[in-house]
Structures are given as C-alpha cells and as structure tokens.
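Single-structure report; data block below.
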Amino acid sequence: MINYGHFIGGKHVPGASGRFADVWQPMDGTLRGKVALASKAELTAAVANAKAAQPGWAATNPQRRARVLMKFLDLVAKHNDELADILAREHGKTIPDAKGDIQRGVEVVEVALGAPHMLKGEYTDGAGPGIDIYSMRQPLGVVAGITPFNFPAMIPMWKLAPAIACGNAFILKPSERDPGVPMRLGELMIEAGLPPGILNVVNGDKESVDAIIDDPDIQAIGFVGSTPIGEYIYGRGCSNGKRVQAFGGAKNHMIIMPDADMDQAVDALIGAGYGAAGERCMAISVAVPVGQSTADELVKRLVPRVESLKVGPSTDASADFGPLVTKAHLEKVKGYVDLGVREGATLAVDGRGFTMQGYENGFYMGGCLFDHVTTGMRIYKEEIFGPVLSVVRAPDYAAALKMTNDHEYGNGTAIFTRDGNVARDFASKVNVGMVGVNVPIPVPLAYYTFGGWKRSGFGDLNQHGPDAFRFYTKTKTVTGRWPSSIGKGSEFTIPVMG
Ligand code: NAD
C-alpha cells in the first residue's frame with residue numbers, strides 16, 4: 001500500500017489532517033494506496049514556503065530558469081516507462097495512451113523553454129521629448145493549479161511549466177484519484193535543480209481547494225475539471241480578487257456530412273469516442289450525421305466496430321481502452337446508459353454487461369452506442385465521460401450547426417466533409433473553442449492555446465501557448481524622462497505627447 005503525503009519545500013511531508021482518500025488500481029479493482037487530504041493549515045504552510053522561495057526564483061534570469069525545465073525534460077524522458085506505469089495503474093488508461101498523456105505535457109514544457117523570448121517587453125524610443133516608454137512582464141508571485149483525474153501528467157505540466165518559467169512559485173493540487181504522477185513530477189523538478197518551495201504538490205479535496213481560493217497570498221488559480229466545480233472556483237476566486245481561469249466539461253459534437261469519406265469518419269468516431277474509455281474532455285460524445293442515408297450508413301458501420309472494441313487491462317498495450325477510473329464513476333456511466341434507455345433512445349450496442357476475464361473486480365464496461373438520441377434527452381445534454389457515443393440525426397447542415405451552437409458546452413467539435421465551403425462556414429460560425437476539419441480531436445499543439453467556450457471555460461485567457469505567459473505574468477509599463485531633458489515648471493493638464 002502506497003501512502004501519499006504531500007511534496008512541500010522540496011521534500012515529502014506526511015499528511016497531518018488525519019483525513020485520507022483511497023487510491024484505486026482500476027484494472028483489477030484493488031486498493032493501491034491512500035492519499036492524505038490537506039487541511040487549511042497544511043495548505044497555508046505550503047503557501048508560506050512558496051512565498052519565501054519565490055523572490056529568489058524571480059530574480060534568477062529566465063534562461064537559467066528555462067535550463068531547469070530542460071533538465072526536467074531529460075528526467076521525464078529517462079523515467080518515461082515508470083511514469084506511464086504509475087499513470088496507467090492509477091488512472092486505468094493503457095500504457096501507450098499514458099505515454100501520450102505524458103508527451104502532450106512534455107510539449108508544453110518544451111514551449112515554456114521559450115520564456116526568455118516570451119517575457120520580453122516592448123520599448124518605444126523617443127515617445128516624447130527625451131521620453132522613452134518600455135513595458136515588462138513580471139511574475140505574479142505564488143500561483144496555484146487545481147487539476148482533474150483524467151490527464152494526471154499532461155494537465156499538471158500545462159499549468160506548472162509556464163508558471164515556473166515566468167518566475168512564479170506554484171502550488172499544485174492534483175486530483176486525489178491519481179496523485180502518483182504529480183508527486184513524481186515534484187521530485188523530478190527538485191532533481192532537475194528547481195529550488196525547494198517553487199513547486200509544491202499538496203494533495204487534497206474541497207478543504208484544500210477552498211483554502212487555495214481564500215488564501216490572500218495566492219495570486220492566480222488555473223483550474224481544469226468539471227463545470228460546476230470550475231464555475232464555483234471561478235466565482236469565488238474572482239470575488240477574492242484573484243486571476244482565475246477555469247476549464248470545464250464538454251459534449252463534443254462531430255458532424256458527418258453526406259459527402260464525408262465514411263471510412264475515415266467511422267475510424268475517427270471510434271478512436272475519439274472510445275479512446276481512454278471516453279474519459280477525455282475532447283472525446284467525441286455526439287455524432288451528428290446529416291441526412292437520413294448518411295445516418296443509416298453511419299450506424300450500420302459503427303455497430304460492428306463498437307461491438308468488436310477490445311477492452312483490456314491497462315498493461316495490455318493492444319487494448320483499445322481500459323477500465324474507468326473508479327467503481328463510483330463506472331456506476332455513474334452505466335446509470336446514464338440505463339437513463340438513455342428509459343428516455344427512449346435506441347441502444348444499438350450495450351456494453352454494460354462486460355466483464356474482463358481474469359480481472360473480474362476491475363472497473364470495466366464495454367462500448368455503448370445510442371441511436372435516435374434527441375436534444376431534449378439528459379444523455380444528450382449532460383456530460384457522461386465514459387465509452388458511450390450518442391447519434392443525433394440532423395436533417396441538414398444548418399440543423400447540425402444550430403444543434404452544436406445551442407449546446408451549453410463548447411469545448412471541441414469536428415466536421416467531416418470533402419466540401420471546403422461547408423468546412424470554412426462551420427469553422428467560422430460554430431460557437432466552440434476548438435474546431436477540427438476532418439480531425440476528430442482538435443487539441444491544439446502546445447504553441448497554440450487551448451480553451452473551450454460557453455460553459456466549458458471561464459476566464460479571459462486560454463491554457464498554454466502565448467496566453468499562458470500572459471496569464472502567469474502582469475505587465476508593468478515604465479515612462480522615463482532623464483533630468484537633462486526635463487523643462488522647468490509644473491504641468492496641470494494631462495500630459496500629451498503632442
Ligand atoms: P472534478 O471537477 O471532480 O475535479 C477537478 C478538481 O477539483 C480535482 O482536483 C478535485 O479534487 C477538485 N474538486 C472536486 N470536487 C470539488 C469540490 N466540491 N470543491 C472544490 N474542489 C473540488 O473533475 P474530474 O472528475 O477530476 O475530471 C473530469 C472533468 O474534467 C470532466 O468534466 C472533464 O470534461 C473535465 N476536463 C476538462 C478539461 C478542459 O480543458 N476543459 C480537460 C480535462 C478534463
């Protein structure tokens with residue numbers, strides 16, 4: 001049994017609250033360990049540690065800061081198999097998918113190496129008589145990240161790398177369901193030469209999150225998780241005067257036009273709908289075929305593919321997807337399938353009864369496919385976050401676009417078509433933050449920004465890319481005039497440059 005405490009000030013600190021959560025191994029349903037849940041006092045102590053360390057780190061030149069991240073990248077590569085193993089055991093995703101989770105985080109660390117360039121200010125020589133103006137980007141101080149269970153390597157790295165590269169100290173509050181990888185990232189940062197206190201991993205639940213939101217020394221919070229929690233953190237964090245970005249849930253629609261390459265569309269739906277057991281915020285959970293014959297053809301082809309999906313333990317590299325994260329989440333997803341049947345949708349493939357031979361206590365289910373789902377049903381409106389794909393038939397393109405725009409979530413979407421006019425129109429008019437054209441999961445690369453619209457994202461700036469450097473810094477503008485150029489007398493009107 002592993003006992004996870006916290007990683008504060010560069011060392012392991014046991015939990016002191018007396019409260020713990022279970023950490024499961026979804027592939028066989030065994031208890032892997034316990035994780036300490038921090039009290040407000042423990043969180044406050046971690047913040048004090050970070051606050052004391054931060055000025056020295058901010059004063060370290062940006063290239064030296066970037067070199068620490070470079071060394072960290074070497075260590076992540078060296079420990080790649082070990083990290084993927086921990087990740088797969090605690091989350092349930094397959095080892096190849098766990099390596100993808102790590103890789104998409106690594107790419108954001110690579111972009112954070114460009115901090116010396118990204119932090120450059122602007123300069124105007126001779127803005128007025130003897131007057132120069134320049135701007136600089138300065139770190140905020142102590143900042144925090146609160147992250148979800150479904151990408152325990154990628155999302156912590158999305159948050160901590162740019163924050164640290166900008167000269168901040170960082171408090172990471174990872175998901176209590178899979179804390180193993182975030183704890184290892186903390187250790188590897190110290191091995192890479194990060195000064196103690198600059199990255200602190202504090203495990204916990206609502207109590208530590210509330211302590212983060214209310215701590216006067218935390219200047220900014222980056223959250224990723226479900227919409228209700230994101231909205232709560234955004235509202236309370238902003239009212240406490242903090243900078244907050246909160247990325248929430250999703251219901252990603254994929255439109256299949258009558259002229260789409262049907263082989264490509266079906267392959268895309270199978271990978272994007274069922275990969276990682278559907279536990280991705282960019283998973284496609286709604287397929288929208290346009291026209292009756294497109295829908296009939298699509299469902300005819302999807303059924304045998306969903307029926308033959310290979311579910312397996314996380315250690316089976318040939319499995320299409322593994323178990324769900326916890327038994328409670330498995331029951332919730334199966335409950336949604338029960339609900340869909342009651343709501344009158346056609347359950348074309350039923351994966352509820354699946355058990356994994358040799359792993360009977362694991363948190364498995366097979367892929368499910370619903371046809372004839374309507375926009376009034378709860379299985380359409382709500383995020384299920386499991387291997388369940390809903391087909392909602394649209395009579396024409398305009399109806400498919402309207403349906404996507406009317407949904408409360410706006411994280412990702414995709415259109416499959418051979419028609420450039422339709423693709424351009426969709427990309428331009430759809431009310432969603434990330435759009436794929438014949439690409440089912442359009443997660444932008446690390447040098448672009450990532451963020452959903454509507455109730456999938458709260459706050460002004462996106463994650464990673466140029467926005468990350470803006471989010472984790474504040475701009476100061478200096479207007480200077482040297483004594484030799486200063487004329488005599490006071491000015492009582494607002495200065496203008498003439
Ligand atoms: P979650 O909202 O349950 O948890 C996210 C974080 O909030 C965790 O660190 C958790 O400890 C904390 N938390 C949970 N309940 C809380 C409460 N009552 N008060 C304060 N803090 C609380 O989300 P999850 O189940 O870990 O992750 C899945 C969700 O995350 C899905 O909705 C998914 O769509 C979303 N997600 C979104 C993105 C994105 O970029 N938009 C990316 C990944 C996941």
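Along the sequence shown, the residues carry numbers beginning at 1. Each ligand, and each atom within it, is numbered from 1 in the order the structure gives.
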Item to complete: Starting from the C-alpha separation in whole Å, work towards a yes-or-no answer on salt bridge (Lys or Arg N to Asp or Glu O under 4.0 Å) for R393 and D371.
Response: CA-CA 8 Å; R393 295 164 175 242; D371 192 8; 2.9 Å; yes
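Residue contact check: F385 has heavy atoms under 4.0 Å from atoms 28 (C), 31 (C), 33 (C), 34 (O) of ligand 1. Near F247, with a cut-off below 4.0 Å to any heavy atom, the atoms of ligand 1 are 39 (C), 40 (O), 41 (N). Applying the 4.0 Å criterion to heavy atoms of E383 picks out, from ligand 1, the atoms 31 (C), 32 (O), 33 (C), 34 (O). For ligand 1 and N411, the ligand atoms under 4.0 Å from any heavy atom of the residue are 41 (N). Close approach of ligand 1 to N150 is summarised as follows: ligand atoms under 4.0 Å from at least one heavy atom of the residue are 43 (C), 44 (C). Under a 4.0 Å criterion applied to the non-hydrogen atoms of R177, ligand 1 contributes the atoms 3 (O), 24 (P), 25 (O), 26 (O). Applying the 4.0 Å criterion to heavy atoms of I146 picks out, from ligand 1, the atoms 6 (C), 7 (O), 9 (O). Set against the non-hydrogen atoms of Q463, the atoms of ligand 1 under 4.0 Å away are 40 (O).
Remark: L185 CG to F72 CZ distance equals 4.5 Å, nearest 0.5 Å.
With hydrogens left out, the protein atom closest to atom 40 (O) of ligand 1 is F450 CE2, 3.1 Å, a heavy atom.
Which of G225, S226, C281, A283 comes nearest to atom 2 (O) of ligand 1 through a heavy atom is settled by distance: it is S226. Nearest residue to atom 41 (N) of ligand 1 from S456, G452, G248 is G248 (criterion: closest heavy atom). In the candidate list T147, L37, T227, T147 is nearest to atom 6 (C) of ligand 1, counting heavy atoms. Counting only non-hydrogen atoms, the option in I213, V209, L172 that gets closest to atom 20 (C) of ligand 1 is V209.
Note: an N/O pair closer than 3.5 Å links K173 and ligand 1 by distance alone. Looking at ligand 1, you'll find an N or O of E176 within less than 3.5 Å of one of its N or O atoms. At under 3.5 Å, not a single nitrogen or oxygen of Y232, backbone or side chain, sits near a nitrogen or oxygen of ligand 1.
Close to ligand 1: I155, with a non-hydrogen atom less than 4.0 angstrom away. Using 4.0 Å as the threshold, P174 has a heavy atom nearer than that to some atom of ligand 1.
Checked for salt-bridge contact, D205 and R19 meet the test: a charged N lies under 4.0 Å from a carboxylate O. Look at D178 and R89 and you find no salt bridge, because none of the NZ, NE, NH1 or NH2 atoms lies under 4.0 Å from a carboxylate O. Between D338 and R352 there is a salt bridge, since a side-chain N of the basic residue sits under 4.0 Å from a carboxylate O of the acidic one.
Contacts with ligand 1 closer than 4.0 Å are made by no heavy atom of F151, backbone or side chain.
With 3.5 Å as the limit, one finds no donor-acceptor pair spanning the side chains of Y409 and H253.
A cation-pi arrangement is present between K93 and F151 under the rule of less than 6.0 angstrom and at most 45 degrees off the ring axis.
You'll find the side chain of P152 stays beyond 4.5 Å of the side chain of E90, heavy atoms only.
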